[in-house]
Colleague: 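First the structure, then my questions, so here it is.
Since the model is a prediction, treat every value here as computed from it, not as a measurement.
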Amino acid sequence: MKFLYLLPFFGILIACGHTSNPPEEVFSFDYELLENLYHQSDSVIVHGDTVETISYALDTIAIQTGIFAYMQHDFEIYAPPRLIILTRRAQSLKSKGKDATDAFKEIAAAYPAELEERLYETSDMNDYCQISVNTAMLGAYANEQLHDIDAAINMLKPQLDNVQSWSSRIHEMYIRLCVERYGKERVVQELENCKTTLKHTDTQPEVAEWAVTVFGARIGDTGMNGMTPEEALTSVEEIVINDIRKLVN
């Protein structure tokens, strides 16, 4: 079984087997291979801040850590390549105890243009949502490391109610940042009261029709689409409020 890691400076995936041979360079953002790895994987294992994607066909385990463990497990197919590379570099510098301020500033500065370019490349709404969710998490992470919590929160806000948001840990990231910004007690109170903000909006299938508002962010689940008001209220308490409430620590 090979173990895959992305080099922090070049974004090149390498495969390391249990031999004394040097690592073999496999590809640099080879999307066909990425799709085979992630979309045809045999299992995805999450433990703590590490995610392992296992592909027996490729004899490979892809390991993600740090902010990448919070994103969708196949984020490399959707997030802008340059932001992935820059974030890996910044994480590497930080893990070595080096000053990564300039590296995170570069991510924050590159974010708008990189997101716009990546979105321009797709016409599929599901892909659009995946790109938006994963890229927002990279931008928010960079701003968090720069101690601009408000900017980080605002990047995540628009991405909490679409069909792709719940396959990442973006809600966990949002609540953690809100606790840092507003304090635990205020966040708990906001979550307890948010069911009174439940509102229906006619929208496209990939976005939640029913949603509550938490610190100005619309949070909902597309699994509630088509529900009656009574059904939506019950579900929002179970799916949104209770699940998210558990994230406050």
Side-chain angles (χ1 to χ4, degrees), residues 46 48-49 51 64-72 75 79-80 83-84 86-87 90-91 93-95 99-112 114-115 129-162 164-199 201 207-208 210-221 236-249:
V46 180
D49 286 342
V51 175
Q64 304 291 351
T65 60
I67 182 60
F68 300 109
Y70 281 70
M71 297 161 66
Q72 292 182 324
F75 71 88
L83 292 187
I84 295 173
L86 292 176
T87 303
Q91 280 196 161
L93 290 171
K94 183 182 177 183
S95 69
D99 184 3
T101 302
D102 288 342
F104 284 116
K105 284 182 178 179
E106 188 174 1
I107 298 166
Y111 174 88
E114 293 297 322
L115 174 60
C129 290
Q130 287 189 277
I131 293 166
S132 299
V133 167
N134 288 296
T135 308
M137 295 181 77
L138 291 177
Y141 173 68
N143 279 282
E144 179 187 10
Q145 299 306 308
L146 294 170
H147 308 292
D148 191 344
I149 304 303
D150 285 339
I153 287 174
N154 288 332
M155 283 186 172
L156 299 181
K157 277 184 177 181
Q159 308 304 331
L160 303 174
D161 65 347
N162 70 61
Q164 295 296 337
S165 62
W166 292 96
S167 58
S168 71
R169 294 165 67 182
I170 192 171
H171 300 93
E172 180 179 344
M173 189 177 187
Y174 180 72
I175 292 301
R176 176 173 55 76
L177 290 170
C178 285
V179 169
E180 185 172 348
R181 175 66 175 83
Y182 303 110
K184 180 176 179 180
E185 183 176 344
R186 187 174 170 189
V187 171
V188 170
Q189 191 66 41
E190 181 83 0
L191 291 174
E192 289 178 350
N193 295 336
C194 72
K195 65 180 179 181
T196 63
T197 68
L198 180 65
K199 184 179 179 181
T201 302
V207 178
W210 291 99
V212 293
T213 302
V214 177
F215 293 111
R218 192 174 184 272
I219 299 180
D221 191 326
V236 80
E237 290 179 341
E238 296 175 355
I239 300 172
V240 179
I241 300 175
N242 292 340
D243 288 349
I244 293 180
R245 174 66 180 81
K246 295 174 184 176
L247 301 176
V248 182
N249 50 42

Colleague: Answer yes or no: is there a side-chain heavy-atom contact under 4.5 Å between Tyr174 and Leu160?
Modeller: yes
Colleague: Show your working on side-chain contact (heavy atoms from CB on, under 4.5 Å) between Gln91 and Ile67 and close with a plain yes or no.
Modeller: CA-CA 9 Å; Gln91 280 196 161; Ile67 182 60; 3.0 Å; yes
Colleague: Enter the distance from Glu180:CD to Glu144:CD here, rounded to the nearest 0.5 Å.
Modeller: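 If I round to the nearest 0.5 Å, the distance is 6.0 Å.
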Colleague: For Lys157, does the NZ atom sit with more than 12 other heavy atoms under 6.0 Å from it, leaving out its own atoms?
Modeller: yes
Colleague: Would you call Asp243 and His171 a side-chain contact if the rule is heavy atoms closer than 4.5 Å?
Modeller: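 No, their side chains stay 4.5 Å or more apart.
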Colleague: Just to verify, which of Asn193, Leu198, Thr196, Thr197 counts as forming a side-chain contact (heavy atoms from CB on, under 4.5 Å) with Thr213?
Modeller: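 Answer to the side-chain contact (heavy atoms from CB on, under 4.5 Å) test with Thr213 among Asn193, Leu198, Thr196, Thr197: Thr197.
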Colleague: Where do Val248 and Leu191 come nearest, in terms of heavy atoms and distance?
Modeller: CG2-CD1, 3.7 Å
Colleague: So, do Thr101 and Leu146 sit near enough that their side-chain heavy atoms are less than 4.5 Å apart?
Modeller: yes
Colleague: For Met173 and Tyr141, which heavy atoms make the closest approach, and how far apart are they?
Modeller: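 That would be CE-N, 3.5 Å.
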Colleague: Say you draw a straight line from CD1 of Ile175 to CD1 of Ile170; how long is it, rounded to the nearest 0.5 Å?
Modeller: 11.5 Å
Colleague: Looking only at side chains, do Gln159 and Ser165 share a donor and an acceptor under 3.5 Å apart?
Modeller: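 No - no donor-acceptor pair under 3.5 Å links their side chains.
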Colleague: Using a 3.5 Å distance criterion without hydrogens, assess whether the side chain of Gln72 forms a donor-acceptor pair with backbone atoms of Gln164.
Modeller: yes
Colleague: Side chains of Tyr70 and Asp49: closer than 4.5 Å at any heavy-atom pair?
Modeller: yes
Colleague: CE/Met137 to OG1/Thr87 distance, rounded to the nearest 0.5 angstrom?
Modeller: 11.5 Å
Colleague: For Phe215 and Cys178, which heavy atoms make the closest approach, and how far apart are they?
Modeller: CD1-SG, 3.8 Å
Colleague: Specify the closest pair of heavy atoms between Ala110 and Leu83, including all atoms of both residues, with the distance to one decimal.
Modeller: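 Closest pair (atom of Ala110, atom of Leu83, distance): CB-CD2, 4.0 Å.
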Colleague: Testing the basics here: between Ala79 and Leu138, what is the closest heavy-atom pair and its distance to 0.1 Å?
Modeller: CB-CD1, 4.1 Å
Colleague: Would you please test Tyr111 and Met155 for side-chain contact (heavy atoms from CB on, under 4.5 Å) and show each step?
Modeller: CA-CA 10 Å; Tyr111 174 88; Met155 283 186 172; 3.7 Å; yes
Colleague: Let me confirm one number: the CD-CG distance from Glu114 to Leu86, rounded to the nearest 0.5 Å.
Modeller: 7.5 Å
Colleague: Could you check whether the rings of Phe68 and Phe75 sit parallel, tilted or perpendicular, using 30° and 60° as the cut-offs?
Modeller: parallel
Colleague: At their closest point, which heavy atom of Ala142 faces which heavy atom of Ala108, and how far apart are they?
Modeller: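 Shortest heavy-atom separation between Ala142 and Ala108 comes out as CB-N, 4.3 Å.
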Colleague: Apply the side-chain contact (heavy atoms from CB on, under 4.5 Å) test between Glu172 and each candidate in Ile244, Leu177, Leu247; give the one that qualifies.
Modeller: Leu247
Colleague: With rounding to the nearest 0.5 angstrom, report the CG to CZ distance, Asp99 to Phe104.
Modeller: 10.0 Å
